[in-house]
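Every chain is numbered from 1 and lettered A, B, ... according to where its sequence line falls, protein lines coming before strand lines.
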Protein chains: 2
Amino acid sequence: MAVTIHDVAKGADVSVSTVSRAFTMPDMVNAATRRKVLQVAEELGYQPNRAARGLVTGKTGNIGVVVPDVANPFFSAMLKGCTARAREVRHVVFLADAAEDPRVEAEVVGAMAKQVDGVVLCSPRMHPDHLARLVGTTPLVLINRDEAGLPAVLMDSADGARQALEHLAALGHRRVAHLAGPAASWAGEQRLVGLRAAAPVCEVETIELGPFPPTFQGGVQAADLALARGVTAILAFNDLMAVGVLNRLAARGVAVPSDVSVVGYDDIEMSSMTTVPLTTVRMPMEAGGRAAVDLLLDNLDAGADPDATPTRRWLPTQLIVRSTTAPPSQDAAARALAGR
Amino acid sequence: MAVTIHDVAKGADVSVSTVSRAFTMPDMVNAATRRKVLQVAEELGYQPNRAARGLVTGKTGNIGVVVPDVANPFFSAMLKGCTARAREVRHVVFLADAAEDPRVEAEVVGAMAKQVDGVVLCSPRMHPDHLARLVGTTPLVLINRDEAGLPAVLMDSADGARQALEHLAALGHRRVAHLAGPAASWAGEQRLVGLRAAAPVCEVETIELGPFPPTFQGGVQAADLALARGVTAILAFNDLMAVGVLNRLAARGVAVPSDVSVVGYDDIEMSSMTTVPLTTVRMPMEAGGRAAVDLLLDNLDAGADPDATPTRRWLPTQLIVRSTTAPPSQDAAARALAGR
DNA sequence: GTGAAAGCGCTAACAA
DNA sequence: TTGTTAGCGCTTTCAC
């Protein structure tokens with residue numbers, strides 16, 4: 001059925017090795033022969049079977065990517081970065097959606113391990129022990145998770161939180177809510193770290209709420225709790241939650257930003273999709289995907305080198321200020337001071 | 001390095017064929033032997049190399065998915081459906097992002113052809129000739145594109161457009177703009193078909209505008225043109241454009257829905273992410289992905305059957321009415337009547 | 001019920 | 001520069 005290397009060899013009247021070489025080491029075959037081979041291959045529509053090639057070379061030219069949920073814009077942005085970079089370096093992507101289930105995460109890695117040169121795990125939520133068991137199965141790179149000894153692309157979420165808090169403090173906010181997302185989120189942890197470090201310096205009192213589902217509904221739910229604590233500003237886990245917060249505030253007649261200011265986290269221009277622009281900490285998800293692919297490939301190349309330390313790559317985050325943050329009104333400030 | 005079938009065979013003190021059988025035809029091996037084999041395999045962490053298996057069986061257990069842009073919520077929803085369904089039937093997904101480039105689309109299919117049992121092409125924008133050339137390379141299933149002889153999952157966009165127009169007509173709108181997206185979009189074509197068929201019946205005059213980029217900016221741009229034509233309602237190519245339209249209308253002081261009503265198309269609850277809920281035609285993207293995987297697998301099974309006709313699967317669309325559509329005000333209606 | 005051997009499509013020595 | 005051969009990890013006849 002499918003056209004193989006033998007067909008080409010026959011057609012060009014050469015041996016299979018010559019055909020193979022014409023593709024993999026072009027300048028080791030006579031120019032005329034090569035031309036002929038490539039032409040016949042073209043005519044026959046021959047494409048080398050990469051699986052078979054991988055079987056003998058040990059390199060598949062495939063890389064695996066595991067995301068918690070492709071439909072989540074955060075992760076589809078990451079995935080975009082992975083596929084884009086993979087293509088640039090002539091690799092193909094094996095995708096698995098873990099459906100937000102930590103067990104599935106581990107399982108799928110096993111399923112693709114043999115067919116890929118390595119796997120990029122996007123914000124894996126799985127238990128460290130499971131993660132440890134995966135090491136050795138196949139080369140791994142993590143995104144937004146810091147596990148001992150594993151190469152990783154890390155986004156400076158702690159610094160993002162710091163920037164956000166300093167921004168709010170500079171505006172005069174003194175009582176700020178932090179809405180947590182999923183408990184297993186490393187990025188979430190980091191934000192808390194950054195927040196707790198920055199709070200005393202900024203002389204801001206932080207109210208830690210959550211965990212909440214990282215969704216519109218989660219934001220709605222969280223908004224009421226935050227309001228009850230008399231804050232003048234809210235840091236939401238992500239843009240989805242932030243929009244939920246905004247919606248709930250509007251529904252309750254709370255004015256943004258004069259009564260309460262709101263900050264989210266995003267990568268894509270999600271804010272451009274809402275009619276209310278949102279101050280956000282920009283997380284470079286797509287860049288993270290690209291970096292992870294590069295890191296994986298680098299580690300593979302250095303594979304021979306025994307003490308090639310697995311690297312961490314830090315990516316900066318950046319605050320983008322828009323109209324949902326402003327100094328608190330006298331009123332709001334007073335209420336916050338009174339602890340409401 | 002990796003643990004192979006030989007390791008297991010050695011460990012269990014049986015031949016490789018027995019190990020193989022223990023996995024692929026369990027009841028053809030003695031229960032005790034099988035148990036032993038599986039146990040050793042478990043201990044060693046053995047996972048069959050699916051690529052090697054594919055080499056001999058001709059079935060890889062992988063399916064390819066090509067999308068124009070993973071970061072587009074429409075397509076990430078489709079992809080979600082594909083990965084979810086693939087997992088259920090124990091298949092793994094090979095993903096390629098065509099970066100909205102028709103040439104890349106054709107190219108990537110070639111790159112994965114040999115490693116997959118078939119490919120799902122999501123809303124392919126490539127030229128029919130290129131598509132034709134791909135047939136025979138590997139089994140194909142299209143989503144939202146109707147090409148002679150190819151199996152496809154089709155969403156009834158024409159009917160969605162009809163529903164939207166009837167809804168608007170029932171509210172009293174008589175002059176409605178249709179904002180087209182990319183020219184190569186089959187779904188876009190279909191909407192036009194539905195619209196043109198429904199317009200005379202509904203006694204509505206449709207103003208066809210575009211093509212516009214299917215983005216927020218595209219909506220902004222289109223809104224002004226639509227306004228200039230004095231319509232009382234706007235059908236946007238997708239939700240992104242719709243939100244762009246809403247934003248521009250707000251900026252120009254045009255009231256929604258009293259001056260102008262707006263309808264979009266979506267799958268995900270994108271409307272829940274905006275502070276302005278949007279009347280939309282719901283496109284079942286995720287369901288489409290699932291259906292495509294099923295269709296592909298069905299066709300493969302029936303592969304032996306010579307006259308197994310490639311099937312089309314139609315999925316219904318559904319209008320979801322919300323507060324951005326309402327009867328036009330007297331004012332708006334009069335202006336529209338005057339052709340503005 | 002189990003093993004030995006051939007071979008899937010390809011690359012990598014080794015010869016020529 | 002090119003051809004011959006072995007073998008990657010697996011399944012599958014065909015004997016036993």
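- Nucleic acid contact for Ser20(B): base, since at least one base atom lies under 4.0 Å from a heavy atom of the residue.
- Phe23(B) comes within 4.0 angstrom of nothing in the nucleic acid, heavy atoms only.
- Taking atom NZ of Lys114(A) as the reference point, atom P of dT11(D) lies 12 Å away to the nearest angstrom.
- Put simply, CG on Asn49(A) is 8 Å from C1' on dC10(C), counting in whole angstrom units.
- Here the C1' atom of nucleotide dT11(D) and the CE atom of Met25(B) are 9 Å apart, to the nearest Å.
- A side chain to side chain donor-acceptor pair (under 3.5 Å) with Gln39(A) is found for exactly one of Glu42(A), Glu43(A), Arg35(A), namely Glu43(A).
- Below the 3.5 angstrom threshold, one finds no donor paired with an acceptor across the side chain of Thr57(A) and the base of dA12(C).
- When heavy atoms are screened at a 4.0 angstrom cut-off, Arg50(A) is found touching no nucleic acid atom at all.
- When every heavy atom of Ala84(A) is checked against every heavy atom of Arg290(A), the shortest pair comes out as CB-NH1, 3.4 Å.
- If you take NE2 of His6(B) and P of dA5(C), they are 12 Å apart, rounded to a whole angstrom.
- Rounded to whole Å, atom P of dA15(C) lies 16 Å from atom CE of Met28(A).
- In this structure, CD1 of Ile5(B) is placed 6 Å from C1' of dC10(D), rounded to the nearest angstrom.
- For the OP1/OP2 pair of dG1(C) and a distance below 4.0 Å, the side-chain nitrogens and oxygens of Thr18(B) include no atom meeting the criterion.
- Heavy atoms from other residues, nucleotides or ligands lying under 6.0 Å from CG of Asp146(A) number more than 12.
- Residue Tyr46(A) contributes atom OH, which lies 10 Å from atom C1' of dT11(C) at whole-angstrom precision.
- Not one side-chain nitrogen or oxygen of Thr4(B) sits closer than 4.0 Å to the OP1 or OP2 atom of dG9(D).
- In this structure, the nucleotide among dC8(C), dT2(C), dA12(C) sitting nearest to the side chain of Asn30(B) is dT2(C).
- Applying the 6.0 Å contact sphere to CZ of Arg312(B) captures more than 12 heavy atoms from other residues, nucleotides or ligands.
- Taking atom CG on Leu55(A) and atom P on dT11(D), their separation rounds to 12 Å, with Å as the unit.
- Comparing Val56(A) and Val16(B), the nucleotide of DNA chain C nearest to each residue sits closer to the 5' end for Val16(B).
- Nearest-nucleotide assignment on DNA chain C puts the 5′-proximal partner with Ala31(B), out of Pro48(A) and Ala31(B).
- Annotation: side chain of Glu147(A) is not in contact with side chain of Leu121(A) (no heavy-atom distance under 4.5 Å).
- Nearer the 5' end of DNA chain D, as judged by each residue's closest nucleotide, is the contact made by Gln47(B), out of Gln47(B) and Arg21(B).
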